[in-house]
Amino acid sequence: MLNPLPIALDRSAKTPLSEQIRKAIAAAIDNGVLVPGARLPSWLDLAAQLGVARGTVRAAYDRLSDAQHIVSSKANGTTVARRPRKIAKPDAPVAPGSAVEMFRDLSGQGHFRMGVPAQDSLPAKLLARIHARAVRAELSAVTRTIDPRGEIELRREIAAHLAIARGIECSPAQIVITSGFSGGLGLALRVLGLEGRRAWMEDPGFPLTRKGLELARLASAPIPVDASGIDVEHGLRHAPDAALAVVTPGQQAPLGPPLSPKRRAQLLDWAAQSGGWIIEDDYLGELQLDGRAAPALASLDQAGRVIHLGSFSKTISPTLRLGFLVAPESLAAQFADVATCLVPAPGPAVQLSTAEFMRDGHYIRHLRRTKRAYCDSRDALTAALRPWSNDVRVAGLAVMLTLPDKTDDVEIARQVLAHGLAPAPLSPWYISPKCAQSGLLLGIATVPGRGVAAACKRLFEAIRAQDRTEGAPVAHRVRKSAAR
């Protein structure tokens with residue numbers, strides 16, 4: 001007599017009993033509990049064992065037979081089909097230099113991590129309540145009209161906010177909601193269709209942006225950055241045929257300075273006269289800690305050549321994967337078409353909850369609280385670093401620690417990760433390794449409060465160990481009093 005099959009049925013579940021039986025037998029076969037050739041009870045016997053109708057078991061057996069899990073014959077009854085066993089394949093290793101590797105290296109967990117806002121200043125309970133209401137509204141509105149450009153409520157709130165905070169006069173029709181900054185970049189590159197052309201890229205500049213241009217089949221022309229931002233005259237001399245410039249004019253990433261008024265005018269003149277395009281990555285644009293934020297480049301654009309990209313990753317959370325794009329009026333219809341067919345906006349709930357958060361004034365109040373907290377963290381971090389090094393300066397929402405030439409900043413970042421520290425190495429932000437400056441970027445938003453002094457001590461222990469390994473001259477960089 002055949003042993004009973006270990007099948008547990010949940011009669012209160014929404015899943016039909018026949019489907020529960022099918023899944024249980026299929027899992028037993030895939031896991032090797034039922035080996036090829038093993039005989040199964042007849043559907044009559046199994047129905048009696050489980051206390052279900054015979055037709056329920058028969059329906060499960062029919063689906064298993066259709067999937068070639070079992071075979072039936074008059075001579076042998078119902079048996080497990082003979083077929084090659086599935087062998088679980090390990091995940092393929094991440095290719096060196098891939099976007100996945102870059103993202104992983106830039107998003108490590110720990111103190112001093114860049115790219116994330118401080119969680120203690122976020123009104124998490126309020127956001128959770130707002131989001132819960134938005135989810136209920138989304139689920140109840142079965143006949144709701146979906147706009148692939150994004151929810152009109154959110155696009156209206158963004159347009160109003162941009163007019164006040166960034167000086168951009170635009171209509172909701174020009175705004176497309178995207179899956180974060182990368183979604184906006186991909187959408188813009190798709191609409192512009194500049195494959196095979198050259199693009200000015202800030203050097204140093206965001207590695208994932210550079211990789212995105214490469215994947216879109218554009219050649220990056222490295223343009224150096226100084227205290228006034230991207231050197232437009234260098235671009236005109238060395239890459240006059242470029243069709244695109246990708247810039248962070250509000251606060252340059254990673255060095256921090258805003259693009260000067262003179263260079264803003266030069267860049268806009270270049271785009272208007274050459275027919276080039278500008279993608280404005282409004283990186284930290286409204287989170288300038290000292291004084292009023294510099295106006296967005298798009299607010300000065302009279303020729304309609306600037307595509308403005310923003311996101312809520314630095315102000316609310318990167319887990320939202322929520323961003324937006326402001327298209328020039330001449331391209332608004334093309335952006336809408338591409339969004340409709342290829343890159344529609346994220347789900348309505350996250351958009352509606354963000355719209356309510358902005359509409360009720362919570363977003364502006366959150367930004368004010370966040371800026372005050374970041375000023376305190378910046379001051380605490382720079383005070384803790386200065387006894388150790390002479391080369392410390394604020395760069396946007398990070399403190400940049402310059403290291404001696406040939407110091408392996410990538411290796412230092414990997415070593416201190418084991419101690420809960422996640423500074424970003426500076427050298428990968430440069431296009432050419434030969435021109436790369438070694439350094440560490442310490443995020444202000446994730447400064448460890450009372451433990452900042454101990455964290456800095458641990459960081460410089462790793463730096464000194466690396467310097468001894470490389471034989472780098474550090475005496476002019478690290479103060480001797482800190483080594484004792």
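Remark: Asp226 engages Arg263 in a salt bridge, criterion side-chain N to carboxylate O under 4.0 Å. A salt bridge does not link Arg197 to Asp241: none of the charged side-chain nitrogens sits closer than 4.0 Å to a carboxylate oxygen. Salt bridge annotation for Asp290-Lys371: absent, with no cationic side-chain nitrogen under 4.0 angstrom from a carboxylate oxygen. Under the 4.0 Å criterion applied to side-chain N and carboxylate O atoms, Glu214 and Lys211 are assigned as salt-bridge partners. Under a 4.0 Å N-O distance rule, the pair Arg155/Glu151 does not qualify as a salt bridge.
In the model, Tyr363 has no side-chain atom that pairs as donor or acceptor with a side-chain atom of Thr354 under 3.5 Å. Looking only at atom types and distance, the side chain of Asp281 has no donor-acceptor partner in the side chain of Thr248 under 3.5 Å away. Between the side chains of Gln252 and Glu202, at least one donor N or O lies within less than 3.5 Å of an accepting N or O. At a cut-off of 3.5 Å, with distance as the only test, no side-chain donor of Gln288 or Gln251 sits close to an acceptor on the other residue. Remark: the Ser313 side chain and the Arg321 side chain contain no N/O donor-acceptor pair separated by less than 3.5 Å.
Taking the six-membered ring for Trp and the full ring otherwise, Trp270 and Trp200 have centroids separated by under 6.0 Å. Aromatic ring centres of His362 and His366: separated by at least 6.0 Å.
For residues 161-179, the pairs satisfying salt bridge (Lys or Arg N to Asp or Glu O under 4.0 Å) are Arg166-Asp282, with sequence neighbours left out.
A pairwise comparison of heavy atoms in Leu325 and Ala327 identifies CD2-N, 3.7 Å as the closest pair. For Ala216 against Glu195, the heavy-atom pair with the smallest separation is O-CG, 3.4 Å. Shown here for Gly205 and Pro254, the closest heavy-atom pair between the two residues is N-CD, 4.3 Å.
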